[in-house]
Number of protein chains: 2
Amino acid sequence: MGDASEAGGTPEATDPPEAGPDAAAGRGRAALIEEGVEFDGRDAALLRAVDAAGSVAGAASELGRSRARALSRIETLEGSYGTLVERRRGGEGGGGSRLTASGRDLLDRYDRLQAVLAATASVPETVLRGTVAAIHGELAVVDTAVGELSGLHGVGEIGGSGGESPAVGDAVQVRIGADAVTVNEAAGAVDPDATSARNALAGRIVEIDAGETVSTARIAVDTDGSEDDADGAETAPQTVTVAALLTAESIERLGLEPGNQVSIRWKATATRLVPRAE
Amino acid sequence: MGDASEAGGTPEATDPPEAGPDAAAGRGRAALIEEGVEFDGRDAALLRAVDAAGSVAGAASELGRSRARALSRIETLEGSYGTLVERRRGGEGGGGSRLTASGRDLLDRYDRLQAVLAATASVPETVLRGTVAAIHGELAVVDTAVGELSGLHGVGEIGGSGGESPAVGDAVQVRIGADAVTVNEAAGAVDPDATSARNALAGRIVEIDAGETVSTARIAVDTDGSEDDADGAETAPQTVTVAALLTAESIERLGLEPGNQVSIRWKATATRLVPRAE
DNA sequence: CGTCGTTGTATCGGCATAGATACAACGATG
DNA sequence: CATCGTTGTATCTATGCCGATACAACGACG
């Protein structure tokens, strides 16, 4: 409560990272973790090189790194991830190494993680500020400028530092990936009881950022400046834009263009609630 | 060529990571990267501690780490991320440090990344194998056991090693997050032309893994073992199950229970195509 | 004007990781 | 049985990061 002078400094505006496309342009790095041992891009490259060269020695020289280290690294990884490389010494060609099935699976898993991370960095996101209104299990309802939204909080905690579950009244950011937002042409076209998409809003297309075959539509959503006027200042009359990633085909099929009135919809389970740094 | 004995070893089965829920249970670690400088959980904790303590010195002692190091680390970060901490020496209390607005934004951004990563680790995913049938810009059509699916490939490449864009005919894994899958009660309830969700399948609920307020439904989808019998062996008669994350409320409202016939639907832009380790 | 706790800055030692090197063990091949 | 290139294993060294320590600069406050 004593933070009125500080936190109160920005109640009216929506700040830079509100719905910025390149706010998420920053790159990231991902690593799997098992029993405290990280599997990162360097390890993935090593396994791939082993697969290509057919030997750890060849992989090491290919990557320009020490063979002994590469071998011990593989042993360390295998201590936590199970057998990854089948090594054979002596014999044809002096021996050799092959990836095991689980080694390949691990690579695939890493690639998936990497793909997801890359996507979060390059796919637009909509970030709304809000305060937690209610918590039901893993779900929470958040009061935002566009009304109440529900989403998941604290799914699969990792770092103990900043990802704790919020409590009612806490300030949170509501993150909605543009790839999770579905656009319908009219408000009544979809029977709201027939789908599992939970969050729905009406809005107007303000811009379509066309890509080759994938475009980003920005939809302006009316803020309900009247509904929860209990805390007055917080519901300033501002427009919130939600980003939706659409294929060119969908845009054409739905006949979408700036000015169109549409209804957007996304699943509560695709909505992440993240504690906000005060 | 010599891999006929190897790659050919698993053409028939779908292997462990097909639709495994705990295949994604492995934890991960994320870090932002800007100009080669990583911002990880340790840095986030440092900024948070500075915010809480009001000084770098206090933060360092709070975290049990060297003050000089903490300071130089902050300087390193600021060299790539811009001013993060406003430091003042002398004056009331001898001086002190405060987070800048961009410092707070960076923390929020990190928390969002962390939340997304945690979600990918804990939210079930469906992974299908397939081969690329066509590529249109950022989109690609993939032949899978359940027919043709479209999804994004190579969105925002990061590591140059394994995330390259696939070509027609390449083996890929198709990743569908359970939080992106929408469930409808009947096939005809939703006008397929009225929504931007592109991929649609019919299936039968085989299991509902109930959580507190969020449940995972597994939907068995018929494989079209007849359509593309060109390459015979690949279309073995198998059932593919797709995971969908649903709120308990949605399950109740739609009256979902095992045995129900449902239609599932998800956006092409929420589908990731990842190169498969041969 | 002295006190105080902080921000700056520099230096030293410890520790973990990686590269470099060397040598033994292995087993098919000729 | 000698050859070959690999897998195992051990040891030394270099490097980089971090903690620890020390000291100067600063500016409000009493």
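Remember, predicted model here, so these are calculated numbers, not experimental data. Here is the naming used below: chain letters follow the sequence lines, and residue numbers restart at 1 for every chain.
Sparse packing is recorded around CD of B:E62, with 12 or fewer heavy atoms of other residues, nucleotides or ligands lying under 6.0 Å away.
Atom pair A:R88:CZ and D:dG8:C1' shows a separation of 15 Å (rounding to whole Å applied). The distance from atom CG of A:L71 to atom P of D:dT9 is 9 Å, rounded to the nearest whole Å. The nearest whole Å value for the distance from the CZ atom in A:R65 to the C1' atom in D:dT15 is 16 Å. As a whole-Å value, the separation of A:I74 CD1 from D:dT9 C1' is 15 Å. Whole-Å rounding puts the A:R73 CZ to D:dG8 C1' distance at 19 Å. Between the C1' atom of D:dT7 and the CZ atom of A:R89 lies a distance of 6 Å, rounded to the nearest Å. To the nearest angstrom, P of D:dT9 lies 14 Å from CZ of A:R69. At whole-Å resolution of the value, CD in A:E92 and C1' in D:dG5 are 12 Å apart.
The residues A:R276 and B:D108 are annotated as not salt-bridged, no charged nitrogen and carboxylate oxygen being separated by less than 4.0 angstrom. Under the 4.0 Å criterion applied to side-chain N and carboxylate O atoms, B:R109 and B:E34 are assigned as salt-bridge partners. Using a 4.0 Å cut-off between charged side-chain N and carboxylate O, A:R48 and A:D111 make a salt bridge. Using a cut-off of 4.0 Å between Lys/Arg side-chain N and Asp/Glu carboxylate O, A:E125 and A:R272 are scored as not salt-bridged.
Residue whose closest nucleotide on DNA chain C sits further toward the 5' end, between B:A68 and B:A57: B:A57. Nucleotides of DNA chain C nearest to B:G58 and A:A70 differ in position, and the one nearer the 5' end is that of B:G58.
At least one side-chain nitrogen or oxygen of B:S97 sits closer than 4.0 Å to the OP1 or OP2 atom of C:dT7.
Considering only side-chain atoms of A:S55, the nucleotide from D:dT7, D:dA24, D:dA10 that sits closest is D:dT7. Distances were taken from every side-chain heavy atom of A:R67 (C-beta onward) to each of C:dC23, C:dT6, D:dT6; the shortest belongs to C:dC23.
Nucleic acid contact class of B:R42 (heavy atoms, under 4.0 Å, all strands): sugar-phosphate only.
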